[in-house]
Visitor: 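The following block contains the structure, expressed as structure tokens.
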Amino acid sequence: MFEGRLPTLVIFDLDGTLLDSVPDLAAAVDTMLALRGRPPAGVERVKDWVGNGSEVLVRRALAGSLEYAGVEDAEAAPAHQDFLQAYAGEHHLTRVYSGVQPLLEWLQQEGVTMAIATNKPERFVAPLLQEKNLGRYFRWLVGGDTLAAQKPDPAALHWIMELAGVTANETLFIGDSRNDVIAARAAGVKVVAVSYGYNHGEPIAAQNPDLLVDSLDALI
Ligand SMILES: O=C(O)COP(=O)(O)O
Ligand SMILES: [Mg+2]
């Protein structure tokens, strides 16, 4: 992909790529629903709703579907606050996917700069990486509410590349959902997709990433 050279900068998605975070996200969604006297959504449905940030996740949970156009702001705003409160703290159900640690370690040893571009609210990103022992690898962290637009908008990728002083040709993005592939394409950045993450219930292969892997250590 880089003609035998390594990229200078690798930007990673977080949820569904580095971390299997849905169990804790589903627990917080279910707490928010329980506060409204509603039945739990459960891990399997929440898995399909993750990827567009927590505000959209909460709207989907209130709608009970991927489509959430009918949910009123007056209902969604307090529900989002309840979700944020329920998701704060430790994330004991969240796991680092196998293959992640070896790749990060290897890229760091090779001197590759690494960053995170996630749609997760920024306040959770650094503490969660710290909690999972991944904090030391990343030079920059961009959350879903850090900039004016979130993925699939390429703003996060452009911003990180500018901070790093690196061109799109020297950058690789690694993610799990169509939002990641679309953002990478819009930024002119090559994209590797992982097959095991969350993509709204659809195979990510349909988005034609430059490379599809079943485990990130396959990239070493
Ligand atoms: O929080 C989300 O909705 C998804 O986060 P991600 O961009 O790290 O996959
Ligand atoms: Mg993701």
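Counting convention: from 1, in listed order, for ligands and their atoms alike. Side chains included, hydrogens not; waters and symmetry mates left out as well; all remaining heavy atoms used.
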Visitor: Does a side-chain N-to-carboxylate-O contact under 4.0 Å join Asp73 and Arg59?
Guide: yes
Visitor: Are Arg36 and Asp82 within salt-bridge range, i.e. N to O under 4.0 Å?
Guide: yes
Visitor: Near the Mg ion (ligand 2), which protein N/O/S atoms are found at less than 2.8 Å?
Guide: Asp13 OD2, Asp15 O, Asp176 OD1
Visitor: Identify which one of Asp180, Asn179, Thr118, Asn119 satisfies the side-chain hydrogen bond (donor to acceptor under 3.5 Å, both in side chains) criterion when paired with Lys151.
Guide: Asp180
Visitor: Is it true that the side chains of Glu55 and Tyr68 contain a donor and an acceptor less than 3.5 Å apart?
Guide: no
Visitor: Looking only at heavy atoms, what is the nearest atom pair of Val112 and Pro7, with distance?
Guide: CG2-O, 3.5 Å
Visitor: Which protein residues have a heavy atom closer than 4.0 Å to any atom of ligand 1, listed by chain and number?
Guide: Asp13, Leu14, Asp15, Val50, Gly51, Asn52, Gly53, Thr118, Asn119, Lys120, Lys151
Visitor: I'd like to know if Lys120 pairs up with Asp15 as an ion pair, taking the criterion as any Lys NZ or Arg NE/NH1/NH2 lying under 4.0 Å from an Asp or Glu carboxylate oxygen.
Guide: yes
Visitor: If only atom types and distance count, is the side chain of Lys190 paired as donor or acceptor with the main-chain N or O of Asn169 below 3.5 Å?
Guide: no
Visitor: Between CG of Leu216 and CD1 of Ile174, what distance do you get to the nearest 0.5 Å?
Guide: 5.5 Å
Visitor: Does any donor atom in the side chain of Ser177 or Asn199 lie under 3.5 Å from an acceptor atom in the other side chain?
Guide: no
